[in-house]
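Encoded as structure tokens, the structure appears first; notes follow it.
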Amino acid sequence: MAKHLRKDTTKKNDLNASSPIRSEFEHFDAVYVDSFEQYQQKYHYKILAQNEKSVKLWAWKNDKANAEFAIICADKSLEDVSVTVSDLTSRSAVIDSKNVKVSFIKDVKAYTGHAGWYANNPANFMPRGEREYYPEVIYSDGPVSILENSFRLVWLEIRTPKEIAAGSYNGSVTISAKNADKTVTLSYELEIIDAVMPDTENYLFDVEYWSHPYNVAYYYGVKPFSDEHIGILKQHMSLYKSLGGHAITASIVEEAWGGQTYGGNNKIHYPSMIKWIKSREGQWIFDYSDFDKWVQMNKEIGIADKIICYSMMPWNNVVSYYDESKKKMMKLKANPASANRYNGIWTPFLQDFVKHMDEKGWFDSAYVGFDERHNMGTALDLISTIKNKEGKTLKVSAAFNDFKHNSSIFNRLNYASVGLQQIRDNLQDFKSEVKSRRDKGQETTMYTATEHVPNSFTRSIPAESYWTIMFAGSLNATGFLRWAFDAWVKDPLEESTHWSFPAGDCFLVYPSSKEDKARESKFTLRLAKLDEGVRDVNKLYLMRQAGGKIEKEVDDLFSLVKGDREDGYEFYTMSKTNIWGRKAKWLIEDGKREMLADMKKIKEKIFEISKEYSKREKK
């Protein structure tokens, strides 16, 4: 039987058969755990099998090092559990504790079933079936309560200053509780390598996570692009910048993606940032108020060097506008199969849009975006005829899978992203395309979506996210794309389940509680591992430029990243559980174990190459 059809028959007691269960402890204890692994409360024994009270970490300068630990409660609940951190000290230098951040991890409920099928679920019925809690949100520094005979995970992040001296630093975290006399201390050693990570704006491998600012407004109950909304978005998009994000998502029509996302009880789930208006005289007017606020804010943050505008081919090819004479919203069908009609609808917009972008000084940042669309030739032909004051035409971006058999379109894309499975099916052709496009100054990224395995869903183990970036790096891709950054459901902190997609597929960050004074977005564990992978791929790309032995070692490391076959890590296929549905694919325990081992080896090898690189750089 093919690997991908195997069922996950691993028994609970088999998972840690080689790890002895620790003896009882008084009140509570704390231990380090594997940050690549996933720890649900129902697998409490996985935590009890851990013994580590210290851990060795490493990082470059201007970098981050992460670790994860668990606070384990005995037969009495803990109240007001808090964690304090020390400075990090070496023989000659100190890293202030302000560079160390600890965050309690929040569990979120998630549907465990199939991938959904939005085309046959227009009423947005929520899936029936099993839900489970998963550790998901790197949420708050506490304090928290912990129930008896349970545990709470904590994320440890250390930021390394750019100017700090290289060497080994020692630090610790101390855990205490209001109703316990004892404290528990965990120590760690951080080796800072004598090499400097580039700032995120100078990354050689970046990310594009599609943003949904309207969902941020819906969740917090604020008017889109009001001053209050902009204030929330500044922190939200600054977090995105810290990940290596440059490109921002902008909408130029209503429902560019067919209303797939949660819409806060609004009829239009994702409005157009540019309002189409037909005057009483029959002239087109375009209101850029929201669009300009969005772009300007991101420019001030230091991103938006790519403004990806969706889309001249919205799903269903519908363009909505407000008719002043009729005083209501109207719709036009702009099907590219009818070039004359399509051009008649889109030409006035393009002419006005190009003029506006010139006036704002943003033309060189503007891209027309397309999402997995067919028959794009009509749109690209029209774009090529509308020139700005310098004779330039708008650049084009697309998530586009048919790169092998539709090269005439693919070659016209300045910025293109191809899905994981399509890459696997045409691996050598894709690698050749990446090289050819790099030579021509065109960017090529990889993306993951529903039915891809491994992946970055709530249910996915964190190692899958790290593997994803490593595999993209092994392709020499210029970056990674993911839908989406923040397309939150109604109550994301309670449940990440979506009516059409695997739980967690629609967002990589979470909001704060609506009751919190500070409204700020928060990492997921899977995003933290995507970020770790991005930083490590940037290290590898940078070290490869050194040439010689180090270049070969980097290439050899990338050759170890398994990903050419879908069943490279064993998974099983879950049949649909509702009347609609795509089949879901999840790693089985054997696949998880193998991936955990492989990613640890990759991480160790990056450390070894980094050490060699730092010695060479000092010469």
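For clarity, every value in this text was computed on a predicted model and none was experimentally measured.
- Between the CE atom in M237 and the CD1 atom in I248 there is a gap of 6.5 Å [rounded to 0.5 Å].
- One finds a salt bridge joining D531 and R535 here, because a Lys/Arg side-chain nitrogen approaches an Asp/Glu carboxylate oxygen to under 4.0 Å.
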* Yes or no on side chain to side chain contact (heavy atoms under 4.5 Å, CB included) for S500 and F125, after CA distance, side-chain angles and deciding distance? -> CA-CA 9 Å; S500 296; F125 293 122; over 6 Å; no

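- Residue pairs meeting the ring-ring contact (aromatic ring centres under 6.0 Å, His included) criterion with at least one member in residues 407-430, sequence neighbours excluded, are F403-F410, F403-F430.
- Residue pairs meeting the salt bridge (Lys or Arg N to Asp or Glu O under 4.0 Å) criterion with at least one partner in residues 505-514, sequence neighbours excluded, are R482-D505.
- Among all heavy-atom pairs drawn from A366 and M357, the shortest one is CB-CE, 3.8 Å.
- Side-chain atoms of S397 and L413, non-hydrogen and from C-beta on, never get closer than 4.5 Å to each other.
- Salt bridge annotation for D323-K278: absent, with no cationic side-chain nitrogen under 4.0 angstrom from a carboxylate oxygen.
- Remark: the N215 side chain and the D486 side chain contain no N/O donor-acceptor pair separated by less than 3.5 Å.
- Defined by atom type and a distance below 3.5 Å, a donor-acceptor pair is present between the side-chain atoms of S496 and T458.
- For the pair L382 and M312, the minimum side-chain heavy-atom distance is below 4.5 Å.
- Atom CG of L475 and atom OG1 of T478 lie 11.0 Å apart (nearest 0.5 Å).
- Under the 3.5 Å distance criterion, with hydrogens and angles disregarded, no donor-acceptor pair is assigned to the side chains of H269 and T261.
- Side-chain contact, Y447 with N401: a donor N or O sits under 3.5 Å from an acceptor N or O.
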* Pair R280-S325, side-chain hydrogen bond (donor to acceptor under 3.5 Å, both in side chains): steps then yes or no -> CA-CA 5 Å; R280 291 181 177 82; S325 62; over 6 Å; no

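- Evaluation of the side-chain contact (heavy atoms from CB on, under 4.5 Å) rule for N476 yields V434, R438, Y541, R544 as partners, not counting sequence neighbours.
- Heavy-atom neighbours of K355 NZ from other residues, nucleotides or ligands within 6.0 Å: at or below the threshold of 12.
- At most 12 non-hydrogen atoms from other residues, nucleotides or ligands lie less than 6.0 angstrom from NZ of K223.
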Show which side-chain atoms of residues 344-353 pair as donor or acceptor with protein atoms under 3.5 Å away, not counting sequence neighbours.
from	atom 1	to	atom 2	distance (Å)
T347	OG1	N343	O	2.6
D352	OD2	Y288	OH	2.7

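- A search for side chain to side chain donor-acceptor pair (under 3.5 Å) contacts involving K392 returns D364, E390, not counting sequence neighbours.
- Under 3.5 Å, the side chains of D425 and Q421 contain a donor-acceptor pair of N or O atoms.
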* Residues I386, T393; criterion side chain to side chain contact (heavy atoms under 4.5 Å, CB included); working and verdict -> CA-CA 6 Å; I386 310 296; T393 58; over 6 Å; no

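- Between the side chains of E495 and Y111, no donor N or O sits under 3.5 Å from an acceptor N or O.
- Between K331 and S320, the shortest heavy-atom distance links the atoms CG-OG, 3.7 Å.
- A side-chain donor-acceptor contact under 3.5 Å links N538 to the backbone of V534.
- Atom OG of residue S417 and atom CZ of residue F400 lie 12.5 Å apart, to the nearest 0.5 angstrom.
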* **Test ring pair (Phe, Tyr, Trp, His ring centres under 6.0 Å) applied to Y310 and W210, step by step** => CA-CA 11 Å; Y310 293 95; W210 287 3; 4.8 Å; yes

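- At a threshold of 4.0 Å, the pair K435-E433 does not count as salt-bridged, since none of the basic side-chain nitrogens sits closer than that to a carboxylate oxygen.
- Donor-acceptor pairing under 3.5 Å is recorded for the side chains of S465 and S456.
- When each of Y270, W488, Y262 is checked for a ring-ring contact (aromatic ring centres under 6.0 Å, His included) with Y214, only Y270 meets the rule.
- No option in F507, Y240, F523 other than Y240 meets the ring-ring contact (aromatic ring centres under 6.0 Å, His included) test with F485.
- Within the 4.5 Å cutoff, the side chain of T468 has heavy atoms near those of the F480 side chain.
- Within the model, atoms OG of S365 and CD1 of I303 stand 11.5 Å from one another, a figure rounded to the nearest 0.5 Å.
- M470 and G533 make their closest contact through CE-O, 3.7 Å (heavy atoms, listed as atom of the first residue, atom of the second, distance).
- Considering all non-hydrogen atoms of both residues, F205 and A477 come closest at CD1-O, 3.4 Å.
- Side chains of Y510 and Y139 form no contact here, defined as non-hydrogen atoms less than 4.5 Å apart.
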* To do: Please step through ring pair (Phe, Tyr, Trp, His ring centres under 6.0 Å) for the pair H114 and W586, ending with a clear verdict.
  => CA-CA 10 Å; H114 64 77; W586 305 107; over 10 Å; no

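- In this structure, P492 and Y219 have side chains that are in contact, with non-hydrogen atoms separated by less than 4.5 Å.
- Identified under the salt bridge (Lys or Arg N to Asp or Glu O under 4.0 Å) test for residues 282-308, with sequence neighbours left out: K306-E443.
- The closest side-chain donor-acceptor pair between E228 and S226, if any, does not fall under 3.5 angstrom.
- Proximity of the aromatic rings of W294 and H229 is defined here by a centroid distance below 6.0 angstrom, and this criterion is not met.
- K333 NZ: more than 12 foreign heavy atoms inside a 6.0 Å radius.
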* Might you work through the salt bridge (charged side-chain N to carboxylate O under 4.0 Å, His left out) test for E464 and R526, ending with a clear yes or no? => CA-CA 8 Å; E464 295 181 53; R526 48 204 166 91; over 6 Å; no

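- Residues E208 and H246 are not in side-chain contact: their nearest non-hydrogen atoms beyond the backbone lie 4.5 Å or more apart.
- Taking the six-membered ring for Trp and the full ring otherwise, the centers of Y209 and W483 sit at least 6.0 Å from each other.
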* Apply side-chain hydrogen bond (donor to acceptor under 3.5 Å, both in side chains) to Y134 and T112, showing your working. => CA-CA 10 Å; Y134 294 89; T112 62; 5.4 Å; no

* Asked: So K529 and L525, side chain to side chain contact (heavy atoms under 4.5 Å, CB included) or not? Walk me through it.
  -> CA-CA 6 Å; K529 283 301 177 184; L525 287 173; over 6 Å; no

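- Using a 4.5 Å heavy-atom threshold, the side chains of V222 and R519 count as touching.
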* Asked: Passes side chain to side chain contact (heavy atoms under 4.5 Å, CB included), N265 versus Y218? Steps please.
  -> CA-CA 9 Å; N265 299 318; Y218 300 152; over 6 Å; no

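- For the pair L380/V396, a side-chain contact is recorded, criterion being any heavy-atom separation below 4.5 Å from C-beta on.
- Heavy atoms of other residues, nucleotides or ligands lying less than 6.0 angstrom from CG of D402 number more than 12.
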